[in-house]
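To find a chain, count down the sequence lines: A is the first, B the second, and so on, and within it residues start at 1. The figures here come from the full heavy-atom set of this structure, side chains too, leaving out hydrogens, waters and symmetry mates.
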There are 2 protein chains.
Amino acid sequence: MLDRRTEILMAATRVIARRGVRGLRVGELATEAAVSTALIYYHFTDRAGLLRETLAFISDRADRYTAERDPGAHPGGPRAELEQVLMLELQDTADVRENSTAWGELRATAVFEPGLREDLAKVTHTWVYEIADLLARARPDGTAPAHAAAAERLTALVEGLSTRWLSGSLPLDHARQLVRGAIDTELGGSGAVG
Amino acid sequence: MLDRRTEILMAATRVIARRGVRGLRVGELATEAAVSTALIYYHFTDRAGLLRETLAFISDRADRYTAERDPGAHPGGPRAELEQVLMLELQDTADVRENSTAWGELRATAVFEPGLREDLAKVTHTWVYEIADLLARARPDGTAPAHAAAAERLTALVEGLSTRWLSGSLPLDHARQLVRGAIDTELGGSGAVG
DNA sequence: GTCTATAATACGATAGAC
DNA sequence: GTCTATCGTATTATAGAC
């Protein structure tokens, strides 16, 4: 059985997925969690603190996506592992939708709130580094700077596509296909225009 | 001489660039535009209407970036033109910063407000189509679907990089370098990992 | 068309009972 | 720990003078 505090954090994640970080109202969260607003202020100092803890909660959950994998031991080899890791952000399950939405919100909010930037940079760096590592294993002949640049491009692409998906301008299947094409292209495969 | 209405729209663009769509307060806009809040409600029905018109205003201005160019008559050929058009979103001038910030906000807001999605899809489609056309001119040997996919990847990449730039996680020069690398890679040049 | 003044309400946050 | 009730303020929106 989960404690109330965790229930509130999960409810906050759902509300953020529905209304955005900046659209979260403490009153609406109370309704979603089926508690009073006073209880929220009992468990969290204020709205800002609640938001901080919720974003940490979401990050942890996202970390677990990847942390639970067994790195390097992927059956399909590094190429398949690379594709799988990049596709983690592009799946239509409640969990991933919630996480991707919150993540996009975090990025969008950081444009106007410098206080969020540090957390953001840290998590982004971890992700980029992981992708660069997989690229290095998929193409051991490439240079480290080339792998780093390709990893930055692939992750930024996934973020861009994720926003388009969530904002309804791009079907999920199409977004996934574009990522596959980008992997092909970056690995020097047959994906390029010519 | 501009009329008050247009002055308010320009002021709204500045406020959105500073605070975000959801951070825009009618009172702050009034101060920025040096008018009363009542005047804003005289010229626009309500906050939502003001926002709609401001976002249309921003879209029009962004269209003009590219519409005013002389398509096909670029001195450096289609490859240079392609690079230039993609780089339009990644420049540290007040205008571009305002537009890119507002554009990112429009996308981020559309995730939670379906009413904005139609406008968004239209402008995105125009942009993607323009890039696909330039790719076709740069590589006439490629197929139309390949050009379309590459255009979607390049524009989504620019959006992702733009958000990273504006949220302070990526220096502008680096973002621009990554776009150049992506163009090389998509055109089958020497940019790939291997 | 533009202002000052103010109504109406939404929202974050707290007091105090249980 | 959890609730009901409420306060204070920020914000949207309007009334009415000029």
Nucleotide D:dT2, atom C1' - distance to CG of A:D3 in whole Å: 14 Å
Tell me: CG of A:L50 to P of C:dT14, nearest whole Å? 14 Å
Does a nitrogen or oxygen in the side chain of A:R4 sit under 4.0 Å from OP1 or OP2 of D:dG1? no
For a quick check under 3.5 Å, do A:T124 and A:R107 share a side-chain donor-acceptor pair by atom type? yes
B:S36 side chain, from C-beta outward: closest of C:dC11, D:dT2, C:dT4: C:dT4
In whole angstroms, how far is the C1' atom of C:dA13 from the CG atom of A:L29? 14 Å
Taking the basic N atoms (NZ, or NE/NH1/NH2) and the acidic carboxylate oxygens, is any pair closer than 4.0 Å for A:R180 and A:D184? no
Show me, pair by pair, the donor-acceptor contacts under 3.5 angstrom made by side chains of residues 165-172 of chain B, not counting sequence neighbours?
from: B:S167; atom 1: OG; to: B:T163; atom 2: O; distance (Å): 2.9
from: B:S167; atom 1: OG; to: B:R164; atom 2: O; distance (Å): 3.3
from: B:S167; atom 1: OG; to: B:S169; atom 2: OG; distance (Å): 3.2
from: B:S169; atom 1: OG; to: B:R164; atom 2: O; distance (Å): 3.4

Distance, rounded to the nearest Å, where B:R19 contributes CZ and D:dA10 contributes P: 14 Å
Counting only heavy atoms not in A:H174, do more than 12 fall under 6.0 Å of its NE2? yes
Flag yes if more than 12 heavy atoms outside B:Q91 fall under 6.0 Å of its CD atom; otherwise flag no. yes
Between D:dT4 (P) and A:Y42 (OH): distance, integer Å: 17 Å
For the CZ atom of B:R14 and the OG1 atom of B:T54, what is their distance to the nearest 0.5 Å? 11.5 Å
Report which part of the nucleic acid A:L24 touches: base, sugar-phosphate, or nothing (heavy-atom distance under 4.0 Å, all strands). sugar-phosphate
All side chain to side chain donor-acceptor pair (under 3.5 Å) counterparts of A:R47, not counting sequence neighbours: none
Can you tell me how far C1' of C:dG12 sits from CZ of A:F44, to the nearest Å? 16 Å
Report the distance from atom CZ of B:R25 to atom P of C:dG12, rounded to the nearest whole Å. 10 Å
Which pairs, protein N/O on one side and nucleotides 13-18 of chain D N/O on the other, fall under 3.5 Å?
from: D:dA13; atom 1: OP2; to: B:Y41; atom 2: OH; distance (Å): 3.0
from: D:dA13; atom 1: OP2; to: B:R47; atom 2: N; distance (Å): 2.8

Candidates D:dT12, C:dT2, D:dT2 - which lies nearest the side chain of B:L39: C:dT2
